[in-house]
Asker: 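So that we are looking at the same thing, I have put the structure below in structure tokens.
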Amino acid sequence: MKQIIETMMARMQAWHEVRARRIEARRVKLLDHEARQRLQLMEHNGTTYLSMDGMPLLEASDLTNGLTESLARVRANYADFREEGIWAKR
């Protein structure tokens, strides 16, 4: 009787481990898909940008700058893009 219970517990443990690996693999696959959809290279006004959700953020030339300078350029590019969108709606 004890051996039957131990066997059942071992099988349940193995099932739980397989299920956890499957869930983790699915989560990683979904995150990878989302990253590929949302983060892309795009051309905007003749310049290549790293974009998120179609919004140009970081120029290719900004990659050589330091982190603070790059962040400042991202913020400026974001503001410019949003301003162009606001003017296009009018």
Asker: Salt bridge check, Arg27 against Glu24: does any charged N sit closer than 4.0 Å to a carboxylate O?
Answerer: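 Yes, this pair counts.
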Asker: List the atom pairs, donor and acceptor, that lie under 3.5 Å between side-chain atoms in residues 1-18 and the rest of the protein, sequence neighbours left out.
Answerer:
from: Thr7; atom 1: OG1; to: Gln3; atom 2: O; distance (Å): 2.8
from: Gln13; atom 1: NE2; to: Glu17; atom 2: OE2; distance (Å): 3.0

Asker: Hey, what do you get for CZ (Arg73) to OG1 (Thr68), rounding to the nearest 0.5 Å?
Answerer: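 One gets 14.0 Å once the value is rounded to the nearest 0.5 Å.
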Asker: For residues 45-55, which side-chain donor-acceptor pairs fall under 3.5 Å, sequence neighbours excluded?
Answerer:
from: Asn45; atom 1: ND2; to: Glu84; atom 2: OE2; distance (Å): 3.4
from: Ser51; atom 1: OG; to: Gln40; atom 2: O; distance (Å): 3.0
from: Asp53; atom 1: OD1; to: Arg38; atom 2: NE; distance (Å): 2.9
from: Asp53; atom 1: OD2; to: Arg38; atom 2: NE; distance (Å): 3.3
from: Asp53; atom 1: OD2; to: Arg38; atom 2: NH2; distance (Å): 2.7

Asker: Transitively linked via ILVMFWY side-chain contacts under 4.5 Å: Val74 with Leu39?
Answerer: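 Yes.
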